[in-house]
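See structure below.
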Amino acid sequence: MSTMIVSKQPAATLSSVPQLPILNLPLSVSSSLSTNAYEAFIQTYNCPTAMVKAYDMHRRTRNRDRRALLEASGEVAPDPILKGLVLDNQPPEFDPRNCVTVWCRPTKQVVQLVQQVQCMLRSVEPDIWLMPSENLHMTALEILHSADDDAVELELHRLKPYLKKLLAPRPAPVLVKPMLSFDQSALALSFLPEDSPIGDSGTWYTYHHYRLDLHNIVQKAGVPVESRYQVPSAHVTVARFVKPLTTGMQYWLGKLDEINNWLENDRGSDIRWVVGDERGNECRCGRIWYGGGWSEDIGSSIQQDVEAPENAWREY
């Protein structure tokens with residue numbers, strides 16, 4: 001376990017951080033259902049087909065809406081903090097936003113796909129910032145975000161007794177059918193959940209069920225979950241803007257369409273990401289926005305040939 005201490009001398013304050021676009025679509029769930037957003041979503045989309053459709057509708061609607069904004073403005077929105085870090089040689093403390101999260105690392109197959117997509121993006125926009133392969137991640141649960149150092153230390157103190165349970169191997173959710181999602185500031189590969197039965201029981205368990213289990217364990221620890229959003233999304237950020245586009249907007253959007261056609265009709269059909277298979281999931285903390293920070297603890301990886309005992313890990 002890492003003993004790294006978060007810096008106590010940030011060069012900026014949270015109130016001074018520019019507000020970047022936050023991409024969110026509200027969940028269409030009944031107010032009569034659970035107040036837990038993850039549980040309410042599962043109750044609303046209570047079969048594998050419905051859940052997959054909801055995930056797919058979210059990402060396609062999001063791309064449509066962001067395309068309209070990009071066409072209307074003709075401009076992207078470079079990330080001012082990332083620009084300061086990579087172009088202006090600002091120290092890490094230039095980004096004051098500390099977080100506590102649960103990360104899932106992509107498999108080698110997914111990393112190779114990301115690298116292919118990044119090469120395509122770089123060929124169009126040479127100045128685009130690409131997430132380094134060693135920093136690629138998917139945030140399964142955002143427990144605390146945009147906080148100061150003291151808040152992170154307090155939440156970790158509460159959470160530490162529950163980290164082993166939080167990061168324990170469990171029935172492996174599977175993600176498939178990658179699509180390139182985009183907005184004014186960043187691009188990501190988004191995935192759809194696959195129905196993943198637990199053993200021979202026929203009980204279905206998806207990535208959204210996994211996120212619900214994480215949420216419940218954190219609540220049991222007495223730690224409030226302060227996610228910016230709880231949308232039906234499973235995504236890995238692959239690139240961000242630090243400079244304006246050098247190409248025309250229509251040309252840029254056309255190239256994104258080409259990549260998505262390639263993913264849908266060719267390369268993406270071979271992708272099957274068993275979450276936690278090659279590397280254990282981890283509690284990632286600190287200045288993690290661009291893949292940094294430290295791992296407070298890392299769970300064991302899932303062995304596909306060893307079936308997890310049904311519900312043995314689900315105590316909450």
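Because the structure is a prediction, the values reported are computed rather than measured. The first residue of the sequence shown is numbered 1, and numbering continues consecutively from there.
Note that the CG atom of Leu141 and the SG atom of Cys104 stand 10.0 Å from one another [nearest 0.5 Å]. Distance check, rounded to the nearest 0.5 Å: CD of Glu39 to OG1 of Thr44 gives 10.5 Å. The CZ atom of Arg279 lies 10.0 Å from the CG atom of Asn281; values are rounded to the nearest 0.5 Å. Within the model, atoms OG1 of Thr49 and CE of Met51 stand 11.0 Å from one another, a figure rounded to the nearest 0.5 Å. In this structure, CD in Gln112 is found 8.5 Å from OG1 in Thr107, a value given to the nearest 0.5 Å. Taken from CD1 in Ile143 to CG in Leu159, the straight-line distance is 5.0 Å, to the nearest 0.5 Å.
Listed by chain and residue number, nothing satisfies the ring pair (Phe, Tyr, Trp, His ring centres under 6.0 Å) test with Tyr210 (two or more places apart in sequence, or in another chain). With sequence neighbours excluded, no residue forms a side-chain hydrogen bond (donor to acceptor under 3.5 Å, both in side chains) with Thr139. Glu258 meets the salt bridge (charged side-chain N to carboxylate O under 4.0 Å, His left out) test with Lys255; sequence neighbours excluded. Contacts of Arg267 classified as side chain to side chain contact (heavy atoms under 4.5 Å, CB included), with partners at least two apart in sequence or in another chain: Leu113, Gln116, Trp262, Asp270, Ile271. Residues satisfying the salt bridge (charged side-chain N to carboxylate O under 4.0 Å, His left out) criterion with Asp257, sequence neighbours excluded, are Arg67. In this structure Tyr55 satisfies the side-chain hydrogen bond (donor to acceptor under 3.5 Å, both in side chains) test together with His208, sequence neighbours excluded. Residues passing the salt bridge (charged side-chain N to carboxylate O under 4.0 Å, His left out) test with Arg122, sequence neighbours excluded: none. In terms of the side chain to side chain contact (heavy atoms under 4.5 Å, CB included) criterion, residue partners of Pro48 (sequence neighbours excluded) are, by chain and number, Asp195, Trp204. In terms of the salt bridge (charged side-chain N to carboxylate O under 4.0 Å, His left out) criterion, residue partners of Lys83 (sequence neighbours excluded) are, by chain and number, Asp88.
Of all heavy-atom pairs between Ser233 and Tyr207, the closest is O-CE2, 3.8 Å. Scanning all heavy atoms of the two residues, the minimum distance from Ala54 to Pro232 falls at O-CG, 4.3 Å. Taking each heavy atom of Arg59 and Ser181 in turn, the nearest pair found is CB-OG, 4.2 Å. Heavy atoms only, all atoms of each residue included: Pro178 and Phe191 are closest at CB-CE2, 3.6 Å. Summarising the geometry of Pro244 relative to Pro78, their closest heavy-atom pair is N-CG, 3.8 Å, with the distance given to 0.1 Å. Across Gly74 and Met249, no two heavy atoms sit closer than the pair C-CE, 3.6 Å.
Using a 3.5 Å distance cut-off with no hydrogens or angles, the side chains of Tyr290 and Asp79 do pair a donor with an acceptor. With hydrogens and angles left out, the side-chain atoms of Asn98 and Asp148 include no donor and acceptor closer than 3.5 Å. Side chains of Ser295 and Arg284: a donor on one and an acceptor on the other come within 3.5 Å. For the residue pair Gln250 and Trp252, no side-chain donor N or O sits within less than 3.5 Å of a side-chain acceptor on the partner. Looking at Asp183 and Asn63, their side chains never bring a donor and an acceptor atom within 3.5 Å of each other.
Geometrically, Arg97 engages Trp289 in a cation-pi contact, judged by NZ or CZ lying under 6.0 Å from the ring centre and within 45° of the ring axis.
A distance-only check finds no donor-acceptor pair linking the side chain of Arg66 to the backbone of Phe182 [under 3.5 Å]. Here the side chain of Thr61 pairs no donor or acceptor atom with the backbone of His58 at under 3.5 angstrom. Side-chain N or O atoms of Arg211 include one that pairs as donor or acceptor with a backbone N or O of Ala140 at under 3.5 Å.
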**Message:** Could you go through Met179 and Arg60, starting from their C-alpha distance and side-chain angles, then the distance that decides it, and tell me whether this counts as side-chain contact (heavy atoms from CB on, under 4.5 Å)?
**Reply:** CA-CA 9 Å; Met179 171 186 285; Arg60 292 183 185 278; 3.3 Å; yes
**Request:** Under the salt bridge (charged side-chain N to carboxylate O under 4.0 Å, His left out) rule, what do Asp297 and Lys160 come out as? Steps first, then yes or no, please.
**Result:** CA-CA 9 Å; Asp297 202 355; Lys160 280 182 180 180; over 6 Å; no
**Message:** Please evaluate residues Glu194 and Arg272 with respect to the criterion salt bridge (charged side-chain N to carboxylate O under 4.0 Å, His left out), reporting the C-alpha separation (whole Å), side-chain torsions for both, the decisive distance (0.1 Å), and the verdict.
**Reply:** CA-CA 9 Å; Glu194 181 182 77; Arg272 190 173 185 270; 2.9 Å; yes
**Prompt:** Can Tyr162 and Lys220 be said to form a side-chain contact (heavy atoms from CB on, under 4.5 Å), step by step?
**Reply:** CA-CA 9 Å; Tyr162 294 81; Lys220 182 71 173 181; 3.8 Å; yes
**Prompt:** How far apart are the C-alpha atoms of Asn216 and Asn36, what are their side-chain angles, what is the distance that settles it, and do they pass the side chain to side chain donor-acceptor pair (under 3.5 Å) test?
**Reply:** CA-CA 9 Å; Asn216 289 346; Asn36 180 318; 3.3 Å; yes
**Message:** Show, in sequence, the C-alpha distance, side-chain angles and deciding distance for Leu82 and Phe241, and conclude whether the side-chain contact (heavy atoms from CB on, under 4.5 Å) test is met.
**Reply:** CA-CA 8 Å; Leu82 183 60; Phe241 295 106; over 6 Å; no
**side-chain contact (heavy atoms from CB on, under 4.5 Å) assessment of Leu187 paired with Thr237** = CA-CA 6 Å; Leu187 301 101; Thr237 299; over 6 Å; no
Below 3.5 Å, can you tabulate the donor-acceptor pairs from side chains in residues 123-138 to any protein atom, sequence neighbours excluded?
unit_1	atom_1	unit_2	atom_2	d
Ser123	OG	Met120	O	2.6
Glu125	OE1	Thr246	N	3.2
Glu125	OE1	Thr246	OG1	3.2
Glu125	OE2	Thr246	N	2.9
Glu125	OE2	Thr246	OG1	3.0
Glu125	OE2	Thr247	N	3.0
Glu125	OE2	Thr247	OG1	3.0
Ser133	OG	Gln115	NE2	2.9
His137	ND1	Asn135	O	2.8

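In the hydrophobic clustering of ILVMFWY residues, with side-chain heavy atoms under 4.5 Å counting as a link, Leu192 and Leu180 come out together. Side-chain heavy atoms closer than 4.5 Å link hydrophobic residues (I, L, V, M, F, W, Y) into clusters, and following such links, possibly through other members, connects Ile81 to Leu87. The hydrophobic clustering, which links ILVMFWY residues whose side-chain heavy atoms are closer than 4.5 Å, places Leu163 and Val275 together. Each of Ile298 and Val102 belongs to its own hydrophobic cluster when Ile, Leu, Val, Met, Phe, Trp and Tyr are linked at side-chain heavy-atom distances under 4.5 angstrom. Note: the hydrophobic cluster containing Leu144 also contains Leu156 (ILVMFWY, side chain heavy atoms under 4.5 Å, direct or indirect links).
For residues 98-114, the set of pairs meeting the salt bridge (charged side-chain N to carboxylate O under 4.0 Å, His left out) definition, not counting sequence neighbours, comprises Arg105-Glu282. For the salt bridge (charged side-chain N to carboxylate O under 4.0 Å, His left out) condition, no pair includes a residue of residues 172-181, sequence neighbours left out.
Contact check for Leu121 versus Val238: side-chain heavy atoms found under the 4.5 Å cut-off.
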